[in-house]
Amino acid sequence: MGSDFQTIPIIDIGPFLDKFNDPKMAEDEEVLKVVRKLDEACKEAGFFYLKGHNIPNSMIQEVKEVTRKFFDLPYHQKCKIKLSPESGYRGYQRIGENITKGIPDMHEAIDCYREIKPGAYGVLGTVLEGSNLWPDTPSNFKLLMEEYISLLTELSRKIMRGIALALGGEPEAFEGERAGDPFWVTRLIGYPGSTATDPEAQSSDVGCGAHTDYGLLTLVNQADDINALQVRNRSGEWISAPPIPGCFVCNIGDMLKIWSNGLYESTLHRVINNSRKYRVSVAYFYEPNFSARAEPFDFCVQKTGGTAKFEGAVYGEHLVNKVQTNFVM
Ligand SMILES: N=C(N)NCCCC[C@H](N)C(=O)O
Ligand SMILES: O=C(O)CCC(=O)C(=O)O
Ligand SMILES: [Fe+2]
């Protein structure tokens, strides 16, 4: 097996989105081409660039601009929306406050989560209850982000239909109790530029340590001019995922790995900003229903030798475990 990808494929989702409302879409040759590309990308790399997504470029840029402006503010102003257990882990975290495998990450961020109605998911859900904390300038920050998140949610739901077909399942495989009522996470992230004088000594500062994402599908909107995101291939090499203007970088999360019985991998990735410039990225995570139990699909078990390779996992538990161990405060 062991595929050693050296680059990350680009997928034009346009032809798939064009046929989305066609009842016979699953038989359409253009649609099937996209589905095959999704399958290959998810199998080989667990990562792909997405183009033809119809998210307005002006919005993609504006989201990064307001994020950059926020991180430019003095620390005490950013702290007005500080994240804490009391805020449901929503809001601003300073550089080094988020940790990955015990090591502080050289990034600052605003974390936001889908609303959780009080008591909606019992004790587990209370950990993340609270309102998202949005900066008050520019005055359209909240509205812009809510619009962006809602567009990405709809887009992701469609991509997940493509991924369901790619796995060989029904297009609705992720609807209903799996991800019909999807949870989402959004992180607005800033990575300081390197100040190292010796170019050889630069890579010691890790913007975000090696990790996998938690849910189904991640869409990253990264700064257009800095190469910092790296993806680990099967032989352990770190492959760059440089920005391609207009494209999202997409990757698979832990729950999709489970549902697909390992047919698709949640690939390790990390961020190292060796440039002198401050790097902004906005990561949107499309997740299962908060209470969904991810268990290998029968049809995926059949395709992978007949044995389920993973125990079931409740998405909300996985998320809450991560969140509760991600911060030093
Ligand atoms: N919601 C998601 N996926 N966030 C990804 C953050 C990864 C870094 C985190 N400190 C960790 O160790 O998981
Ligand atoms: O900043 C990036 O490019 C990726 C961030 C990331 O991997 C994450 O937040 O999970
Ligand atoms: Fe990630």
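Whatever order the structure lists them in is the order used to number ligands and atoms, beginning at 1. What you see is a predicted model; the values in this text were computed from it and never measured.
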Query - Metal-centred angle, the Fe ion (ligand 3) as apex - NE2 of His269, OD1 of Asp213, 10° resolution - result: 100°
Query raised in the report: Quick one: is the NZ or CZ of Lys82 closer than 6.0 Å to the six-membered ring centre of Tyr92, and within 45° of its axis?
Result: no
Query raised in the report: Hey, is ligand 1 close enough to Asn98 that some N/O pair sits below 3.5 Å?
Result: yes
Query raised in the report: Sub-3.5 Å donor-acceptor pair from the side chain of Asn273 to the main-chain atoms of Val206, do we have one?
Result: no
Report task. Determine, for Glu146 against Lys142, whether the closest basic-nitrogen to carboxylate-oxygen distance falls under 4.0 angstrom. Result -> yes
Query raised in the report: With only distance considered, is Thr100 within less than 3.5 Å of ligand 1 through an N or O on each side?
Result: yes
Query raised in the report: Applying a 4.0 Å heavy-atom criterion (strictly less than), which segment of Thr218 is in contact with ligand 2: side chain, backbone, both, or neither?
Result: neither
Requested in this report: Identify which of His269, His211, Arg187 has a heavy atom lying nearest to atom 7 (C) of ligand 1.
Outcome: His211
Report task. Starting from atom 4 (C) of ligand 2, locate the nearest protein heavy atom and write down its residue, its atom name and how far away it is, to 0.1 Å. Result -> Val271 CG2, 3.8 Å
Requested in this report: Heavy-atom contacts with Ser281 under 4.0 Å: which atoms of ligand 2 show up? List them by number with element.
Outcome: 1 (O), 2 (C), 3 (O)
Query raised in the report: Counting N and O atoms only, with roles assigned by atom type, does the side chain of Asn251 sit under 3.5 Å from a partner on the main chain of Gly46, one being a donor and the other an acceptor?
Result: no
Query raised in the report: Okay, side chain of Lys303, backbone of Leu167: is any donor-acceptor separation there less than 3.5 Å?
Result: yes
Query raised in the report: Between Phe174 and Phe297, does the ring centre distance come in under 6.0 Å?
Result: yes
Query raised in the report: For Lys322 and ligand 1, does the shortest N/O to N/O distance drop below 3.5 Å?
Result: no
Query raised in the report: What closest approach, in Å, do His269 and Trp238 show between heavy atoms, and which atom pair accounts for it?
Result: CA-CZ3, 3.8 Å
Query raised in the report: Any idea which part of Val249 is under 4.0 Å from ligand 2, heavy-atom wise: side chain, backbone, both or neither?
Result: neither
Requested in this report: State if Arg187 counts as touching ligand 2 under the rule of any non-hydrogen atom under 4.0 Å.
Outcome: yes
Requested in this report: May I ask you to identify the nearest protein heavy atom to atom 5 (C) of ligand 2, giving residue, atom name and distance to one decimal place in Å?
Outcome: Tyr191 OH, 3.5 Å
Requested in this report: Heavy-atom contacts with Phe285 under 4.0 Å: which atoms of ligand 2 show up? List them by number with element.
Outcome: 8 (C), 9 (O), 10 (O)
Query raised in the report: Under a heavy-atom criterion of less than 4.0 Å, does Arg270 contact ligand 2?
Result: no
**Report entry** Numbering as shown, the atoms of ligand 2 that approach Ile189 to under 4.0 Å (heavy-atom distance)
**Finding:** 5 (C), 9 (O)
Requested in this report: Give the atoms of ligand 2, by number and element, whose distance to some non-hydrogen atom of His269 is under 4.0 Å.
Outcome: 7 (O)
Query raised in the report: With distance as the sole test, does Lys64 use its side chain to make a donor-acceptor pair with the main-chain N or O of Gln222 at under 3.5 Å?
Result: yes
Query - Whether Glu27 side chain and Lys24 backbone form a donor-acceptor pair below 3.5 Å - result: no
Requested in this report: For atom 3 (O) of ligand 2, find the nearest protein heavy atom and state the residue, atom name and distance (0.1 Å precision).
Outcome: Arg279 NH2, 2.8 Å
Report summary line: Minimal heavy-atom distance between Cys208 and Asp105, with the atoms involved, is CA-OD1, 3.4 Å
Report task. Indicate yes or no: does an N/O atom of Val185 lie under 3.5 Å from an N/O atom of ligand 1? Result -> no
Query raised in the report: So which protein heavy atom does atom 2 (C) of ligand 1 come closest to, and at what separation?
Result: Tyr214 CE1, 3.4 Å
Query - Residue, atom name and distance, where the atom is the protein heavy atom closest to atom 3 (N) of ligand 1 - result: Phe285 CE2, 3.3 Å
Query raised in the report: When you measure from the side chain of Ser235 to the backbone N and O of Glu237, does any donor-acceptor pair fall under 3.5 Å?
Result: no
Query raised in the report: How does Thr218 reach ligand 1, if at all, at less than 4.0 Å between non-hydrogen atoms: by side chain, backbone, both, or neither?
Result: neither
Query raised in the report: Distance-only, no hydrogens or angles: does the Arg114 side chain make a donor-acceptor pair with backbone N or O of Val185 under 3.5 Å?
Result: no
